[in-house]
Structure formats: C-alpha cells, structure tokens
K.L.:
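What follows is a single structure, and I will ask about it in a moment.
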Amino acid sequence: MSDATAKLYEGMFLINQQNAAGDLSAAMEHVTEILNRAKAEVLVLHKWDERRLAYPIKGQKRGLYIYALFNVEGVQLANIERDCNLSELVMRVMLLRADHMGETEIALAKDNAVTSHAEAALRRSDDADDAAGDDDSE
C-alpha cells in the first residue's frame with residue numbers, strides 16, 4: 001500500500017450477536033480479517049456498544065457494534081463492503097473518511113481500544129472459568 005494514496009477511514013460494523021455467540025474476540029478477529037484482505041492498516045479496533053436495534057435487521061433485534069479506524073486506499077472500500085455483504089456475521093457496515101480526526105482524537109480512540117481488548121480478554125477468561133467449573137461438577 002502506498003502511503004500517498006492511503007487515506008484515514010472510520011468504520012462501524014454491526015455484528016449479528018446470535019452468530020457471534022457472545023465471543024467478542026472472534027467478532028473482532030472477523031472484522032480484522034476483512035480489513036486485512038483489503039490491505040488496510042488498522043490503527044484502532046474496539047467494541048463500541050451492544051444495544052437493541054431500532055428495527056429488526058435480518059431477524060435480529062440486538063446487535064454488537066465494532067468501531068475501526070484504519071488507513072486504506074480508496075479503491076479498496078468496495079472490497080470491504082463486498083466482504084461485509086457476503087459475511088454472515090456482519091449485518092451492516094458504514095465507512096466514512098476520517099479527515100476530521102486529529103492526533104488527539106486518534107489517541108483517544110486508541111485508549112478506548114485498549115479498554116475494549118481488556119474486556120474481551122476478561123470475557124474469555126470468564127468463559128474458560130465457567131467451562132472449567134462445568135467440568136468440575138460432573
């Protein structure tokens with residue numbers, strides 16, 4: 001990827017919670033794979049929120065939002081959107097140029113990403129503890 005043509009973009013990915021089955025790290029890895037296929041340089045990727053949807057999308061009433069901040073060539077946006085449309089996990093995606101973001105906003109987004117990754121790790125350890133507890137009770 002040449003730095004001269006790469007631009008900063010924000011992406012909001014709406015993830016199907018039922019298919020993600022509560023595995024936040026798997027959902028984040030899926031979004032990362034989509035961005036990597038487009039040769040994007042991911043600066044920030046974190047869980048934004050889990051909430052009830054205003055209207056059902058693909059039969060789902062709730063969704064998980066994942067926020068991404070990345071550098072990519074503009075011609076690759078169509079590939080990202082295509083991969084999202086083909087994905088069973090991604091219900092919707094919105095991609096915007098992020099020219100309005102300065103260093104302060106990018107640093108704040110990175111801080112939020114650290115918190116999100118800590119939450120994903122905590123969930124993984126809680127799930128592992130629950131599974132170990134289930135094995136002990138047999």
Side-chain angles (χ1 to χ4, degrees):
M1 171 173 49
S2 67
D3 292 335
T5 59
K7 303 285 185 203
L8 185 63
Y9 288 89
E10 292 179 288
M12 185 65 74
F13 298 82
L14 177 58
I15 304 297
N16 184 328
Q17 278 188 312
Q18 186 175 9
N19 287 356
D23 191 356
L24 177 60
S25 60
M28 292 176 70
E29 286 173 18
H30 183 70
V31 171
T32 301
E33 288 172 12
I34 290 172
L35 294 172
N36 286 340
R37 279 195 295 268
K39 299 179 181 91
E41 175 193 1
V42 179
L43 303 175
V44 174
L45 183 74
H46 67 87
K47 173 188 162 195
W48 182 68
D49 202 2
E50 291 179 49
R51 59 175 58 182
R52 187 169 175 12
L53 303 174
Y55 56 90
I57 300 175
K58 296 183 181 180
Q60 299 299 309
K61 295 180 180 179
R62 295 191 63 80
L64 167 69
Y65 290 89
I66 294 179
Y67 173 81
L69 185 64
F70 54 95
N71 286 311
V72 71
E73 294 179 14
V75 296
Q76 292 290 340
L77 293 178
N79 294 332
I80 294 171
E81 289 178 344
R82 184 199 66 235
D83 285 349
C84 289
N85 289 334
L86 294 173
S87 171
E88 292 182 13
L89 198 59
V90 179
M91 295 190 296
R92 294 280 194 275
V93 64
M94 182 173 59
L95 304 172
L96 300 170
R97 278 281 294 271
D99 292 337
H100 64 281
M101 294 189 73
E103 292 298 321
T104 305
E105 290 86 1
I106 293 171
L108 182 60
K110 287 180 180 181
D111 288 344
N112 288 338
V114 170
T115 304
S116 179
H117 288 296
E119 178 183 348
L122 183 60
R123 282 188 180 189
R124 269 195 311 272
S125 71
D126 286 347
D127 291 344
D129 291 344
D130 291 345
D134 292 343
D135 292 343
D136 292 343
S137 62
E138 293 180 5

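Note that this is a predicted model, so its numbers are computed, not measured.
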K.L.:
With sequence neighbours left out, write down each residue that passes side chain to side chain donor-acceptor pair (under 3.5 Å) with D49, or none if nothing qualifies.
P.N.:
R51
K.L.:
Identify, with sequence neighbours excluded, every residue that meets side chain to side chain donor-acceptor pair (under 3.5 Å) alongside Q17.
P.N.:
E50
K.L.:
How far does CD of E29 sit from CG of L45, to the nearest 0.5 angstrom?
P.N.:
10.0 Å
K.L.:
Can you measure from CG (L69) to CG (L8) and round to the nearest 0.5 angstrom?
P.N.:
4.5 Å
K.L.:
Determine whether N36 and E33 satisfy the following criterion, side-chain hydrogen bond (donor to acceptor under 3.5 Å, both in side chains), listing intermediate values before the conclusion.
P.N.:
CA-CA 5 Å; N36 286 340; E33 288 172 12; over 6 Å; no
K.L.:
For the atom pair OG (S87) and CD1 (I15), what is the distance rounded to the nearest 0.5 Å?
P.N.:
6.5 Å
K.L.:
I need the minimum non-hydrogen distance between H46 and M28, along with the two atoms involved.
P.N.:
CA-CE, 3.7 Å
K.L.:
Quick check on M94: does its CE atom have over 12 non-hydrogen neighbours (other residues, nucleotides or ligands) under 6.0 Å away?
P.N.:
no
K.L.:
Suppose the criterion is ring pair (Phe, Tyr, Trp, His ring centres under 6.0 Å): which pairs have a residue in residues 14-39, not counting sequence neighbours?
P.N.:
none
K.L.:
May I have the list of side-chain donor-acceptor pairs in residues 58-66 shorter than 3.5 Å, sequence neighbours left out?
P.N.:
{"unit_1": "Q60", "atom_1": "NE2", "unit_2": "Q18", "atom_2": "OE1", "d": "2.8"}

K.L.:
Does V72 reach the side chain of Y9, with side-chain heavy atoms less than 4.5 Å apart?
P.N.:
yes
K.L.:
About how many Å separate CH2 of W48 and CG of L14, when rounded to the nearest 0.5 Å?
P.N.:
10.5 Å
K.L.:
Find out whether F13 and V31 are in side-chain contact, i.e. whether some heavy atom of one side chain is under 4.5 Å from a heavy atom of the other.
P.N.:
yes
K.L.:
When rounded to the nearest 0.5 angstrom, what distance separates CE in M91 from CD1 in I57?
P.N.:
5.5 Å
K.L.:
Hey, are the side chains of F70 and L95 touching, using non-hydrogen atoms and a 4.5 Å cut-off?
P.N.:
yes
K.L.:
Given side-chain hydrogen bond (donor to acceptor under 3.5 Å, both in side chains), test R82 with N85 step by step and report yes or no.
P.N.:
CA-CA 5 Å; R82 184 199 66 235; N85 289 334; over 6 Å; no
K.L.:
Which one of V93, L89, V90 satisfies the side-chain contact (heavy atoms from CB on, under 4.5 Å) criterion with I34?
P.N.:
V90
K.L.:
Scan residues 83-96 for pairs that pass salt bridge (Lys or Arg N to Asp or Glu O under 4.0 Å), counting only residues two or more places apart or in two chains.
P.N.:
R37-D83
